[in-house]
Every structure is written in C-alpha cells, then in structure tokens.
Amino acid sequence: MKSIVEGQIADPYPVYRRYRETDPVHRHSDAWYVFRYDDVSTALSDRRLVRRPPGGGPPVPIPPQYATLRDVVTNWLVFLDPPEHTELRSRVAGHFSQARVAPLRPRVETLVDELLSELADRPVADLVADFAAPLPIMVIADLLGISATRHQWLRERAVALQQANTSYGGEGHAAADRAARELSDFFAAEAGRPGRADCADLIGHLLTAGITGGRLTSTCIHLLTAGHETTTNLIAKAVLALLRHPRVRDELSAVPELMPQAVEELIRYDTPVQLVRRRAGQDVELGGRHIEAGSTVVLVLGSANRDPARFPDPDRLDPHRLATRHAGFGIGAHYCLGAHLARLEAEIGLSALLRRTPRLSLAEQPVRYADDLVFHGPARLLVNPGNTHQLLEAT
C-alpha cells in the first residue's frame, strides 16, 4: 500500500477517493486492495477470508531469523482463525466488556490529570510523547497488574515492536525481535510469581482461565501493543482534527455531552488503523472481481469510512453525525476487543484537554507522521499548551 500513497502518508484520503471511484477492488503488485464500504464490510464478515496463510506460517511477513517475534505474533488473537480465535477470545473478552470498562473511569480520569499536570510548565509539548502514548500504556499496565515503575519500559518496547510494521527493514525487525524477547521474559516472570493466579488483574484472569506458557505471554504482549498503538493514534489524530476544525472544537467545549458521539465521528473521520489484511482461503468474488484462493486482500478501513455511499459528505467532520457501523474498529468476529476501553480513554482524554487547555494550538513545526499506514498517526505532534499552569491551579 505504501507505493499507492507514496508521499501522502499524512493525508491518504484523496488517493482513496480516486480508487473508490475508478477501481474499488484494485489489484496492485501481489495483493487486492478494497476501498468501498460495502465491499470492506462484506469481506470483514466473510469466513472465507482468513488471517493465516495457507499451509501455516506467520500471518505477516517476518524473516525466519527473528524467531521470537514470529512466535509471539503468530499467537496474537488478531491473527488467529476459528476455532482457536473463538476459544481464546471467549476467555478474554469479558475483561473488556462495557460493563467491566465503565468502572475504570475514575482511574482513567486520575491518569489523565497526572499527565496534564506534567505539561503545566512546558511552552511546547509533544502531544504524542507526553499524552497520547503514555495514557494507554498506563491504563493497560493497570489492567495487567504491572507496577507504575514499568510504564516507560513497557512503552519503549511497545514502540520497538511497532517497527516491524514500518519501513525500517531488517533494523526494525531486529529491534522488534529484541522487544519480543524482553517482553516474553517479563510476562513469563510475572505469571510465574507465587499466587499470581489469585490476583484480580488481567494476568490473574488469564491464568485462571487456563491460558499459560507462550499463549499467555503472546496475549499479554498483544494487549499491550494493540491498545497502545490504536489508542495513541486515536487521541493524537482526534486532537489534530479538532485543532484544524475550531468550530467543532468550540462546540465540544461548550456542549461536553456531545463527546461520546464525537469520538465515534473522529474515529470515522481519520481512522487509527487504516487497513487490515486477509488471505483468501478459497476463491472469492468481491466487488465484481474474482479473487483466487491464496491471494492477499487488503481492506482499507480508512477509505470505507470516507465512502459517501455510507456516510454523506464524508470529508466533513460533524460531531452530530450518527457514525454508526463505521469500520474503525473492524466488523464481525475480529471486531476490536478493546473498543470500549479505547472509547473511554479518548472521551476522557479529549474532554480534559478541551477543558484544561482552551488555548491549545499547533506549534509552528510541521506534524511528523510515522511511516506506517496500518497503525496510522503522527509520530510527533508539537503543540503550545497555553497557560495550562494557571488553569490547573484554578481547578
């Protein structure tokens, strides 16, 4: 996909529009790219499109010399097919239900306040490094029962793992493999502590559910990294969108009860995960095109969410839009496990930013995007917080 949006990683939507209108199921190199909402939605629910390549092996291309990374990723929930996917998800999903997530609100509010307080004296802050990235790490570490002293360590390794998705090549895979080894050892040691299964945190829940060994460490790493990458980009891109749409920002500041609905619209408008991959387990017809078994199929979620056939005037950010059934969290069996948690973090984080930094503005330096169209978002987002210090003292 990189070659299709070459030079337009920050704004791939004009490219998406062109393909939606002219070649919505497009063959490029050795893969099919799907751009329209109806086709993406159909494909996400089609059991003939699977995650595992025919004959087994890693679900994403990882060179064989990075054995730990291959083993860890191969056991991730997102890359499993039924029945393994169904069995593992059933044991984990209850911990991320709306009923289990809602009581986390006070703790998330406290973490958000702590992060904003640390920004108080900075004339310029990196919204990614100083807010959007640490928040989800703190939340998932709490859920896993990991000490706050490990937050920075976990975040560094989550970032290193993400390099396997980018254009770092062998250097990126090597860094990701080292991070996979360190995280595997760390979570194995955590799970092996005496009495760990009796703890009320997520690791204790996994142990009680009979998830052990490599499956447990891979699941912990997956929960850590998936939540970090997706929610970081959700918050960072939402802030960027609001700063570029001051009328929407002002309305959300004046009518904060709109925020939950606005979060759905922000996810639709600039989707944190732009695309997902599938393999055709058998021949499939999609959008009038014949896709042969074994082919790679790339479902462009970001394009589906800008399809005017599903969302009228899709390039307009509208906090009143009922952006139901957007594809930002996927559709079907692989619907994002942490969707409720991501919504909660975004709602609380964005509301607090609007309330406490009403003069927040973009710094003069350009926004720098990560070279990654899967987990899509700014790698650096420099902002001027305004008189945050005085505002915090007054609250």
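As the structure is a computational prediction, the values presented were derived from the model and not from experiment.
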inquiry  = Check this for me, if you would: do Asp283 and Arg48 make a salt bridge, where the nitrogen-to-carboxylate-oxygen distance has to be below 4.0 angstrom?
reply    = no
ask   = Relative to each other, are the rings of Phe186 and Trp153 parallel, tilted or perpendicular (30° and 60° limits)?
value = tilted
task = Give me the ring orientation class for Tyr13 and Tyr16: parallel if the planes are under 30° apart, tilted from 30 to 60°, perpendicular past 60°.
result = perpendicular
task = State whether Arg343 and Glu264 are salt-bridged, where the test is any N-O pair (Lys NZ or Arg NE/NH1/NH2 against Asp/Glu carboxylate O) under 4.0 Å.
result = yes
ask   = Between Arg51 and Glu84, is the closest basic N to carboxylate O distance under 4.0 Å?
value = no
ask   = What are the two closest non-hydrogen atoms of Ala327 and Asn305, and how far apart are they?
value = N-OD1, 2.7 Å
query = Hey, are Arg356 and Asp113 close enough for a salt bridge, meaning a charged N less than 4.0 Å from a carboxylate O?
reply = yes
Centroid separation His326 to Tyr269 less than 6.0 Å = no
Closest non-hydrogen atom pair between Thr217 and Ser184, with its separation = CG2-O, 3.7 Å
query = Charged N to carboxylate O under 4.0 angstrom, Glu190 versus Arg193?
reply = yes
inquiry  = If the threshold is 4.0 Å, N to carboxylate O, is there a salt bridge linking Asp142 and Arg107?
reply    = yes
ask   = With the threshold set at 4.0 Å, does a side-chain nitrogen-carboxylate oxygen contact exist between Asp39 and Arg36?
value = no
message = I'd like to know if Glu182 pairs up with Arg178 as an ion pair, taking the criterion as any Lys NZ or Arg NE/NH1/NH2 lying under 4.0 Å from an Asp or Glu carboxylate oxygen.
response = no
query = Any ion pair linking Arg196 and Asp201 (charged N to carboxylate O, less than 4.0 Å)?
reply = yes
message = With a sphere of 6.0 Å drawn around CD of Glu156, does it hold more than 12 non-hydrogen atoms of other residues, nucleotides or ligands?
response = yes
request  = Over all heavy atoms of both residues, which pair between Cys220 and Ile203 is shortest? Give the atoms and the distance, please.
outcome  = SG-CG1, 4.0 Å
inquiry  = Regarding Arg268 and Asp307, does a basic nitrogen lie under 4.0 Å from an acidic carboxylate oxygen?
reply    = no
inquiry  = Less than 4.0 angstrom from a charged side-chain N to a carboxylate O is my criterion; do Asp177 and Arg181 meet it?
reply    = yes
Salt bridge (Lys or Arg N to Asp or Glu O under 4.0 Å): pairs with one or both residues in residues 245-263, sequence neighbours excluded = none
inquiry  = Before we go on, tell me: are the rings of Phe79 and His85 under 6.0 Å apart, centre to centre?
reply    = no
query = Can a donor-acceptor pair be found between the side chains of Thr296 and Arg277 at a distance below 3.5 Å?
reply = no
request  = Using a strict 4.0 Å threshold on nitrogen-to-oxygen distance, state whether Asp23 and Arg18 make a salt bridge.
outcome  = no
